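What follows is a short report on a single structure.
Side chains are part of it too, since the values below use all heavy atoms of this structure and drop only hydrogens, waters and symmetry mates. This one's a predicted model, so the numbers in the text were calculated from it and none came from an experiment.
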Amino acid sequence: MHTLIPRPRLFTEAEGEFVLNGTVAIAAVPDAVDAVATLTERLWAGARIRVEVVDQAPTGIRFVMDATLAPESHRVDVATDGLSITAADAAGFLHGTTTVLQLMGDGIWRSVSATARTVTVPACRIEDEPAFAWRGIMLDVARHFLPVREVLRIVDLMAMHKLNRLHFHLTDDQGWRIEIRAFPRLTEVGAWRDRTQVGADDATAPEIERPHGGYYTQADISEIVAYAANRGIVVVPEIDLPGHSQAAIAAYPDLGVPDADGHPPTVEVYQRWGISPYPLNAETSTVDFFRTVLDEVLALFPSVDIGLGGDEVPSGAWEADARSRELALERGLSHPRELQFWFLDQLRAHIEQQGRRMLAWDEVLEHDVSPDVTVLGWRGDAGIGESLRRGIPVIACPDNRLYFDYRQSDDPREPIPVGVVVGLRDVYSFNPVPEWATAEQAVLLRGAQANLWAEHMEDARSRDYMLWPRACALAEALWSGPGGAFEEFETRLQSHLGRLDERGVEHRRAGGPLPWQERPGVGGRVQEPEQRQQEIDALTAAIVR
């Protein structure tokens, strides 16, 4: 029985095995260059087996082009005299290579092997393709910065699970993490805060008097994007606006709504969690500022999808400000709160002129949304369903099923437990497509992603605990599709966790957190499903027509 994760569509066992040792010959088509590099690196690191690239490899490894296969799909054929990986594109070759590496057994995922050894691959035939095109993880680096080396490590782990979208949440109230050369204060000021809230209770949680910060230079961003591309992963940036923008306003106060005396707000980068009450102002000059920001972002990220946020925008400052009310009237808006959608529309049009597509959270459904936009359905199932009913593409990331900052069990030892329980079984059983959706509506469901908000994850170790093995279950749910048996997945997972151990991943154990993974004395804020559903119903009442 194989132990592959994600589960392949077709796996047929055969007699015998292919034995690799010493030097192995590889013949490959040009589209397989990244896959060959991955395989070469793993074979040398994990077994001290050298690779020799040749024109023909009748008794080695072959990468074969078949243009009739679907994007990302692949075939793997293993016999006693060699193996072949067949695909129609670079992503398919990379995924096929991941499959082959998982077939190679223990030790192949380690950083280095002390001695040369023999590796065997069981004879078999595998035919595989993904159920969903968008299989992602949203990585929040605004609340707690993550160094480049750790971002690249997450990229490697995503590739190991055939996940293909890294949604990079780069800006928020608590930090601005991307260098913008036209506006250097965004990182000189906006990337740093003097102190940070600890714990989840917004009202009473203390703050630690320790500065926190960091940002990615444009060279860093280029490295991350290229590294991910070589592993079949698209990096999708998000610049969150016109709310969640206090870090930008701290750097450039003229971006904020003036006070009663007409003075720009004087604010620091936000030290608390939750939602800052300071939105951007809606002056044309502020829109122009972010057009310039986005021009630099688009030059760094080739992704067609560009996140513009649009979520949790507090309108109180606009409603209290005479100039904002005047701007709303001038633009034919019925209420100052509609400045939120006017602002997004200006920047949506700007990036569309450059061939890009706006990605925004499901609050945009409170407004008339262009079908050229993709919605992130995060507040339960409401945004997902409403998008499909309106004919708008959507990516499913409901908080009560796919928020990986939420607690993993009712165990009181869970570190800083927040939200409802999102357990391994819950993730594995998730089907992004509603049961009621028609075939035409189902096509609009681009896929799904887990969101890893990082208020309570200060470092890579804490993110490991919250991501893995839930991300293994997500990878299978999105690659293999619904209908798998959880118990059978658990059996394969036990072997797969050994691969994560080889990569040094401090994943959650089935029995709960290890002592150093706990956070005793740091308060959380737990909810029961019924309580959260009532909140979701209230929050999404304005988007349901």
Side-chain angles (χ1 to χ4, degrees), residues 5-6 98 109 134-169 224 228 231 233 235-236 378 395-409 411 414-428 430 447-479 489-490 493-494 496-514 516-519 524:
I5 287 180
T98 295
W109 298 100
W134 186 293
R135 308 179 304 280
I137 289 176
M138 189 286 300
L139 188 63
D140 169 20
V141 294
R143 275 48 179 265
H144 281 104
F145 179 70
L146 201 61
V148 171
R149 67 179 182 275
E150 298 299 342
V151 176
L152 300 184
R153 178 173 170 272
I154 287 176
V155 167
D156 279 334
L157 292 169
M158 289 176 63
M160 184 177 171
H161 294 82
K162 303 179 183 176
L163 297 166
N164 68 351
R165 292 294 190 281
L166 177 63
H167 175 178
F168 212 16
H169 186 79
I224 291 168
R231 286 150 182 80
I233 295 169
V235 183
V236 179
W378 75 273
I395 295 161
C397 50
D399 71 316
N400 53 2
R401 299 296 297 276
L402 294 183
Y403 266 36
F404 281 9
D405 57 317
Y406 283 9
R407 59 197 172 115
Q408 303 190 59
S409 74
D411 188 333
E414 294 287 359
I416 316 183
V418 299
V420 301
V421 172
V422 177
L424 190 66
R425 184 186 290 268
D426 300 314
V427 176
Y428 187 79
F430 178 67
Q449 66 182 35
N451 293 339
L452 188 70
W453 300 108
E455 287 91 339
H456 312 300
M457 286 164 257
E458 298 95 334
D459 52 32
R461 300 181 79 179
S462 57
R463 296 191 202 222
D464 270 6
Y465 178 85
M466 301 304 282
L467 268 175
W468 311 100
R470 288 191 292 189
C472 304
L474 175 70
E476 182 151 321
L478 299 181
W479 178 275
F489 165 75
E490 276 191 308
L493 182 63
Q494 295 314 303
H496 187 72
L497 291 178
R499 299 174 186 132
L500 295 183
D501 290 334
E502 289 181 6
R503 297 309 304 262
V505 176
E506 297 192 53
H507 55 83
R508 183 185 188 275
R509 269 62 177 177
L514 297 170
W516 56 87
Q517 293 171 324
E518 299 178 33
R519 292 292 300 275

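R401 and V427 get closest at one heavy-atom pair: O-CG2, 3.9 Å. The two residues V236 and R165 have their closest heavy-atom pair at CG2-CD, 4.1 Å. V420 and Y406 get closest at one heavy-atom pair: O-CB, 3.4 Å. Closest non-hydrogen pair, D411 versus P513, comes out as OD2-CD, 4.3 Å. Contact detail for R509 and E506: the closest heavy-atom pair is NH1-C, 4.3 Å. When all heavy atoms are compared, the tightest approach of L497 to P469 is CD2-CB, 4.0 Å.
Paired with Y465 under the rule side chain to side chain donor-acceptor pair (under 3.5 Å), one option of H507, Q517, R508 passes, and it is R508.
The CZ atom of F489 sits 9.5 Å away from the CD atom of Q494 when rounded to the nearest 0.5 Å. We find the OH-CE distance between Y403 and M466 to be 13.5 Å, quoted to the nearest 0.5 Å. Taken from CG in N451 to CE in M138, the straight-line distance is 4.0 Å, to the nearest 0.5 Å. To the nearest 0.5 Å, the span separating CG on D405 from CZ on R463 amounts to 11.0 Å. N164 CG to I137 CD1: the interatomic distance, rounded to the nearest 0.5 Å, is 10.5 Å. Between atom CD1 of residue I395 and atom CH2 of residue W134 there is a gap of 3.5 Å, rounded to the nearest 0.5 Å.
Side-chain contact check for I154 versus L146: some heavy-atom pair is nearer than 4.5 Å. At least one side-chain heavy atom of L500 sits less than 4.5 Å from a side-chain heavy atom of C472. In this structure, E458 and H144 have side chains that are in contact, with non-hydrogen atoms separated by less than 4.5 Å. Counting heavy atoms from C-beta on, the side chains of I224 and L152 come closer than 4.5 Å.
Salt bridge annotation for D156-R231: present, with a cationic side-chain nitrogen under 4.0 angstrom from a carboxylate oxygen. Salt-bridge annotation for D464 and R153: present, with a side-chain N of the basic residue lying under 4.0 Å from a carboxylate O of the acidic one.
Using bins of under 30°, 30° to 60° and over 60° for the plane-to-plane angle, the ring pair H161/H496 lands in the perpendicular bin.
Geometrically, R503 does not engage W109 in a cation-pi contact defined by less than 6.0 Å to the ring centre and at most 45° from the axis. Because its NZ or CZ atom is both nearer than 6.0 Å to the ring centre of F404 and within 45° of the ring axis, R470 counts as a cation-pi partner of that residue.
Taking the six-membered ring for Trp, W453 and H169 have ring centres closer than 6.0 Å.
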*Determine, stepwise, if the pair E414 / S409 fulfils side-chain contact (heavy atoms from CB on, under 4.5 Å).*
CA-CA 7 Å; E414 294 287 359; S409 74; 2.7 Å; yes

